[in-house]
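Only one structure is covered here, and it is reproduced in the block below.
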Amino acid sequence: MKPFPQTPSFDLIGKTALVTGASSGIGRACAIAFAEKGADVTLVSRNKKDLFKLNEYIQSKGWKSKVLPLDITDVETTSRAILKNGPFEIMLNSAGQARHSPALQTTPDDFDAVMNINLRGAYFLTQTIAKGLVKSKKKGSLINISSQMAHVGGIERATYCASKAAVEGFTKAMAIELGEFGLRINTICPTFILTPLTKASFDDPIKKEWILKKIKLG
């Protein structure tokens, strides 16, 4: 008789995790969740003040965390720091930027700023984490926070949608290439969540009504 199946454990004790965009929003929530489940979490963000506040909070709970202030658009510095401090068995990349405008008014500067962090930074961050795991022969789970906007589009968000659609593309390709090394590479595509990044949209009554209409369960 075959043994009864077991539910996989959510215990992360002994695991090393790196969370970018950890100073606010989704990244902060994920960092706390990982630490609560026992992971040793490295907190990454450009926002040092809020990063150290989060680190203090996590440690006050008796959980494990440390601070690594980085700007993932600086690919070379970020790669060196990650390879020095890793390998990391869990990556949660929530670093991101949005510069919303009508498509006909998008400027090259806004386009480049969004792509540098949402696409270029995410790509080379994922690549670097994967390199460290492959070299150390460890398995891992690498997660990029993408967006439902990668799939459905949205008003005044052409650049943001393009950046997240590209993240979907490279994530699928890397997952195919690196699966043989025991690496799982995925995205999570949230809808609108009230964070500092989305507050402006929720504060606009017309945009808020449009958002809420899209959420079928209210």
Side-chain angles (χ1 to χ4, degrees), residues 6-23 26-48 51-52 54-55 57-59 61-96 116-146 164 166-189:
Q6 275 189 309
T7 303
S9 172
F10 289 99
D11 183 358
L12 298 178
I13 293 173
K15 299 292 186 181
T16 55
L18 180 136
V19 179
T20 69
S23 60
I26 294 172
R28 182 172 65 176
C30 290
I32 292 171
F34 289 152
E36 183 180 4
K37 295 300 180 182
D40 187 346
V41 186
T42 296
L43 309 170
V44 175
S45 174
R46 296 178 291 188
N47 187 335
K48 293 182 182 180
L51 207 60
F52 279 101
L54 174 60
N55 188 56
Y57 170 78
I58 289 175
Q59 293 188 357
K61 295 288 188 178
W63 305 330
K64 295 181 180 180
S65 66
K66 54 182 170 287
V67 169
L68 187 60
L70 289 170
D71 178 352
I72 69 166
T73 63
D74 184 345
V75 169
E76 290 76 16
T77 299
T78 298
S79 295
R80 284 195 301 269
I82 287 174
L83 292 174
K84 179 181 178 181
N85 288 275
F88 296 98
E89 297 156 287
I90 302 166
M91 180 199 83
L92 189 290
N93 174 37
S94 187
N116 276 341
I117 187 166
N118 292 6
L119 176 55
R120 186 173 184 269
Y123 186 99
F124 289 104
L125 174 71
T126 308
Q127 181 198 67
T128 301
I129 298 283
K131 281 182 178 179
L133 290 171
V134 170
K135 184 178 180 179
S136 63
K137 297 183 179 179
K138 288 189 173 184
K139 296 180 180 180
S141 174
L142 285 60
I143 304 164
N144 281 298
I145 298 297
S146 180
K164 293 302 187 179
V167 169
E168 295 290 299
F170 85 69
T171 298
K172 292 172 184 176
M174 285 190 182
I176 293 169
E177 284 189 36
L178 299 173
E180 66 178 286
F181 297 102
L183 305 188
R184 290 177 291 119
I185 307 177
N186 292 284
T187 59
I188 294 174
C189 299

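Side chains included, hydrogens not; waters and symmetry mates left out as well; all remaining heavy atoms used.
Of the candidates Ile82, Thr20, Thr126, Ile143, Met91 forms a side-chain contact (heavy atoms from CB on, under 4.5 Å) with just one, namely Thr126.
Contact record, Ala95 with Asn118: O-OD1, 4.5 Å, taken as the closest heavy-atom pair. Residues Ala122 and Asn93 come closest through the heavy atom pair CB-ND2, 3.4 Å. Taking all atoms of both residues into account, the shortest heavy-atom contact from Lys139 to Leu133 is O-CD2, 4.0 Å. The minimum heavy-atom distance between Val44 and Leu70, with the atom names listed, is CG1-CB, 3.7 Å. Residues Ala22 and Leu54 come closest through the heavy atom pair O-CD2, 3.0 Å. Of all heavy-atom pairs between Phe88 and Ile129, the closest is O-CG2, 3.8 Å.
Expressed to the nearest 0.5 Å, how far NZ of Lys131 lies from CZ of Phe124 amounts to 8.5 Å. For the atom pair Leu178 CG and Leu142 CG, the distance stands at 8.5 Å (nearest 0.5 Å). Separating the CZ atom in Phe34 from the CG atom in Leu92 is a distance of 4.5 Å, to the nearest 0.5 Å. Atom NZ of Lys64 is separated from atom CG of Leu12 by 12.0 Å, given to the nearest 0.5 angstrom. Once rounded to the nearest 0.5 Å, the distance linking CZ of Arg46 with CG of Leu51 reads 12.5 Å. Atom CG of Asn144 sits about 7.5 Å away from atom NZ of Lys164, to the nearest 0.5 Å.
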side-chain contact (heavy atoms from CB on, under 4.5 Å) between Leu43 and Phe52, intermediate numbers included: CA-CA 9 Å; Leu43 309 170; Phe52 279 101; over 6 Å; no
Worked check of side-chain contact (heavy atoms from CB on, under 4.5 Å) between Ile32 and Tyr57: CA-CA 9 Å; Ile32 292 171; Tyr57 170 78; 4.0 Å; yes
Ile72 vs Ile117, side-chain contact (heavy atoms from CB on, under 4.5 Å): CA-CA, chis, key distance, verdict: CA-CA 7 Å; Ile72 69 166; Ile117 187 166; 4.1 Å; yes
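No more than 12 heavy-atom neighbours from other residues, nucleotides or ligands sit within 6.0 angstrom of OH on Tyr123. Within 6.0 Å of atom NZ in Lys135, 12 or fewer heavy atoms from other residues, nucleotides or ligands are found, so the atom counts as exposed in its surroundings.
Residues Ser146 and Thr187 have side chains that never bring a donor and an acceptor to within less than 3.5 angstrom of each other. Side-chain polar atoms of Ser45 and Asn47 form no donor-acceptor pair below 3.5 angstrom.
Formation of a donor-acceptor pair under 3.5 Å by the Thr171 side chain with backbone atoms of Ile185 is not found in this model. Between the side chain of Asp40 and the backbone N or O of Thr42 there is no donor-acceptor pair closer than 3.5 Å. At least one donor-acceptor pair under 3.5 Å links the side chain of Ser94 to the backbone N or O of Gly27. In this structure, Lys138 contributes its side chain and Gly182 its backbone to no donor-acceptor pair below 3.5 Å. Looking at Thr16, its side chain does come within 3.5 Å of a backbone N or O of Glu89 through a donor-acceptor pair. Within the 3.5 Å criterion, the main-chain N or O of Lys48 finds no donor-acceptor partner in the side chain of Ser23.
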